A.B. asks: 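One structure coming up, written as structure tokens, with questions to follow.
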Protein chains: 2
Amino acid sequence: MPTPSRRRQTRPDAPEAPDASDAPAVSTPRRRATIHDVAEHAGVSIGTVSRALNDRAGVHPDTRLRVLASAAALTYDPDKAARELSNRRAVDIALSVAHGYRRLTPFFGLFLQHLSEQLAVEGLQVREVASGDDGLPVRDADAFVLLDAHPDDPRIGHLARSGRAFVLVGHAHDVRCVAADDVAGGRIAAEHLLRLGHVDSVHLTADLHAQAFADRAHGFAAAFEAAGADQPTTIVADDASTLGGYRAMRAHLEGGTRPGAVFAATDELAIGCVTAAADLGLRVPSDLSVVGFDDLPELGARLTTVRQDIALLARETVTLLHEALAGAAVRAVRLPVTLVSRGTTAERRNR
Amino acid sequence: MPTPSRRRQTRPDAPEAPDASDAPAVSTPRRRATIHDVAEHAGVSIGTVSRALNDRAGVHPDTRLRVLASAAALTYDPDKAARELSNRRAVDIALSVAHGYRRLTPFFGLFLQHLSEQLAVEGLQVREVASGDDGLPVRDADAFVLLDAHPDDPRIGHLARSGRAFVLVGHAHDVRCVAADDVAGGRIAAEHLLRLGHVDSVHLTADLHAQAFADRAHGFAAAFEAAGADQPTTIVADDASTLGGYRAMRAHLEGGTRPGAVFAATDELAIGCVTAAADLGLRVPSDLSVVGFDDLPELGARLTTVRQDIALLARETVTLLHEALAGAAVRAVRLPVTLVSRGTTAERRNR
DNA sequence: CGATATCTCGTAAACGTTTACGCACGTGGG
DNA sequence: CCCACGTGCGTAAACGTTTACGAGATATCG
């Protein structure tokens, strides 16, 4: 076995360890182990270590085990910069939320989490989450993910004109985009409610300017029409927050009408709605059935809702990102939604 | 002048450009320019390019200009992975929000934005924003920033025990942490209100278990006591959302008491409070003065509030991060707050 | 039993940057 | 006029990975 070539250590700055005593004191911010350390520890070469850790073929099972053990013993964590550099994978992806983090809805928060997980799997990185006050991404990047965009968002035209790779999470014409099938979502919410006998439903939404909300409303209304039922009343809240939903619903209920069910365009609106009903002494679901949209984990643990698969949304986003980078043809994808029936809907009571 | 050594291009995969025709079509996802391209374009060496672009000494002004022009012409953007690798700056910083992005408050959203800007200035990266459902960061990193932590958050003990570098944004004993001076904030809110003649104020808050809220309440009450005024009533909302503030305040106002002023522990609570007052026909500020906390840009454009400097908070966080990495002594820092008086407070009316 | 295929692994090049070092020019003073 | 020196720049090493290539060892086959 050839002696492992000594690591070169020529750079003369080394500002880290003030006392370079070799004993690794318990809480010393220890130097990160590199692949060389693992190789030395396991008595193999760095090539073998890399192959073993990346599940590449051509390494003996025993050796692999030994390498894995060494890596664990040294708490080896591959340097991401080096890996990216070597992989030619250094794709900068800028995430552009219309107004930065500050207006991040729980839905987009969850999406972000899935997206960065998905990208991490491929060794990619979300490099930036920001946009200037003009809404334009503040730095240059190889690809952009646009959140929260109206069809006429200035960012779309800007990115398209400059030939940048980007994908829109939402829906618009002639751009690469991905979104849940909102129309279908509205429809299955309606069908669920109709099946329970609720012909007197209302739709609680906000800002029908937003494509997603318009589509959900449309799907909902269309299903009622198809069933020969009366068109549902639409209530438009000031915004899509829980407070918006609460006030709009409370005002509506206090107006004297007592719908048997409400389809909220968002889980947040639904929560506001449920809260308003409770404050007015109405029991959910016996007095009022409520269907939400999104299926956010902890927000509506007990909410009957139209579920969209956020993990899938993130995966599709990444797929489209790759297509954009490769210069493929523009494509719009619609993701299926399902109704998950939980505790906030029940059969219509006779009054 | 020595001929610039031809770039090596030996790697045989090159899955990118299907047709390697040299003419750069307008919307072709062009190969990123590297420092070598800039060097060739400007007729200098890569070392000179690097020095010119990084404002290092030892490059002739004329040359510098030429390099800058070439870089601009090629839209050169240095590869971050390579830069980090070379710089030994590859510090992985994990941001740990108690429950991931999903419960990100506007305040923390804004903080995140400032933090990543601040880190970007130093060439550092926030590598991950996530934590598992157990609240523990999901990957290993060189340093951690903990958000949203109660003093007895399990993450603190875990990180401390394992000797990791971390800083807590908030306040707890015996850990490196940074937060606004919440007690002072409560005090100046009280002093502002007292100055306007409001001796019958209430405090709207949520979850006094949270250190920040407890401190704000304490500072507020202490100032009233110091002024010889009656202790303010405290209203505890279900949560710190706008809806929480709305419901708590509405219930209180409907209970018959009509305080002249309220100090909300959060701008969000304050918004809910203002909305509740409006819905009950009370005018702000003539019927009810409202003071918030945080000074979130678009949320409370017209809100009188206790301002904390979020950019400063981010800068201090980075400073502490460096100290943590360097193994310095633990230190807790308190940031000053100021009262910004806007449209939601007025002098007490005689009734 | 010798030639050859197969498996395992070590070596080195490459990714794109920063920076220490040294060389070739000048310019100044003795 | 020569030497010392400063200025501007090119060269190459280094950061920590991945991976093509080739070499040695072992197994397989004629």
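From a predicted model like this one, the values you see are computed outputs, not experimental measurements. Within every chain, numbering begins at 1; the chains are lettered A, B, ... in the order of the sequence lines, protein sequences first and strands thereafter.
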A.B. asks: Measure the distance from CG on A/Asn54 to P on D/dA20 and round it to the nearest whole Å.
C.D. replies: 13 Å
A.B. asks: Could you tell me the separation between the CG atom of A/Leu65 and the P atom of C/dT8, rounded to a whole number of Å?
C.D. replies: 14 Å
A.B. asks: Looking at the side chain of A/Thr63, which of C/dC9, C/dG16, D/dT17 is the nearest nucleotide?
C.D. replies: C/dC9
A.B. asks: Kindly assign one of parallel, tilted or perpendicular to the pair B/Phe108 and B/Phe111, based on the angle between their ring planes and the thresholds 30° and 60°.
C.D. replies: perpendicular
A.B. asks: Answer with yes or no whether A/Ser50 presents, from its side chain, a donor or acceptor under 3.5 Å of a partner atom in the base of D/dT18.
C.D. replies: no
A.B. asks: Separation of A/Leu74 atom CG from D/dG16 atom P, in whole Å?
C.D. replies: 14 Å
A.B. asks: Tell me the interatomic distance from A/Asp79, atom CG, to C/dC15, atom P, rounded to whole angstroms.
C.D. replies: 18 Å
A.B. asks: Identify which nucleotide among C/dT18, C/dG10, C/dT8 has an atom closest to any side-chain atom of A/Ser45, counting heavy atoms from C-beta outward.
C.D. replies: C/dG10
A.B. asks: Angle between the two end axes of the helix from C/dC1-D/dG30 to C/dG30-D/dC1, five base pairs per end, rounded to 10 degrees?
C.D. replies: 60°
A.B. asks: How do B/Arg56 and B/Ala82 order along DNA chain C: which one's closest nucleotide is nearer the 5' end?
C.D. replies: B/Ala82
A.B. asks: Atom CG of B/Asp55 to atom P of C/dT19: distance rounded to whole Å?
C.D. replies: 13 Å
A.B. asks: Tell me: CD of A/Glu84 to C1' of D/dT18, nearest whole Å?
C.D. replies: 13 Å
A.B. asks: Taking atom types as they are modelled, would you say the side chain of A/Arg51 forms a donor-acceptor pair with the base of C/dG10 within the 3.5 Å cutoff?
C.D. replies: yes
A.B. asks: side-chain contact (heavy atoms from CB on, under 4.5 Å) between A/Arg83 and A/Asn54: does it pass, once the steps are laid out?
C.D. replies: CA-CA 12 Å; A/Arg83 171 173 286 189; A/Asn54 292 0; 3.8 Å; yes
A.B. asks: Can you tell me which nucleotide in D/dG16, C/dT18, D/dC9 comes closest to the side chain of B/Val59?
C.D. replies: D/dC9
A.B. asks: Nearest-Å distance, CG (A/Leu85) to P (D/dT19)?
C.D. replies: 13 Å
A.B. asks: Counting side-chain heavy atoms from CB outward, which of D/dT17, D/dG8, C/dG10 is closest to A/Val44?
C.D. replies: C/dG10
A.B. asks: From the options C/dT18, D/dT17, C/dC9, select the nucleotide whose nearest atom is closest to the side chain of A/His60.
C.D. replies: C/dC9
A.B. asks: Is the backbone of A/Arg315 close enough, under 3.5 Å, to the side chain of A/Thr319 for a donor and an acceptor to pair up by distance?
C.D. replies: yes
A.B. asks: Output yes when a side-chain donor or acceptor of B/Ser50 lies under 3.5 Å from a complementary backbone atom of B/Ile46, and no otherwise.
C.D. replies: no
A.B. asks: Rounded to whole angstroms, how far apart are NE2 on B/His36 and P on C/dT17?
C.D. replies: 8 Å
A.B. asks: Answer yes or no: are there more than 12 heavy-atom neighbours, outside B/Asp62 itself, under 6.0 Å from its atom CG?
C.D. replies: yes
A.B. asks: Keeping the roles fixed (side chain from A/Arg176, backbone from A/Val167), state whether a donor-acceptor pair exists under 3.5 Å.
C.D. replies: no
A.B. asks: Ignoring backbone atoms, test whether B/Thr48 places a side-chain nitrogen or oxygen under 4.0 Å from the OP1 or OP2 oxygen of D/dG8.
C.D. replies: no
A.B. asks: Specify the residue among A/Arg66 and A/Ile46 whose closest nucleotide of DNA chain C lies further upstream toward the 5′ end.
C.D. replies: A/Arg66
A.B. asks: Counting distance only, does the side-chain N/O of B/Thr63 pair as donor-acceptor with the main-chain N or O of B/Val59 below 3.5 Å?
C.D. replies: no
A.B. asks: Verify, without hydrogens or angle tests, whether B/Arg51 (side chain) and B/Arg56 (backbone) share a donor-acceptor contact under 3.5 angstrom.
C.D. replies: no
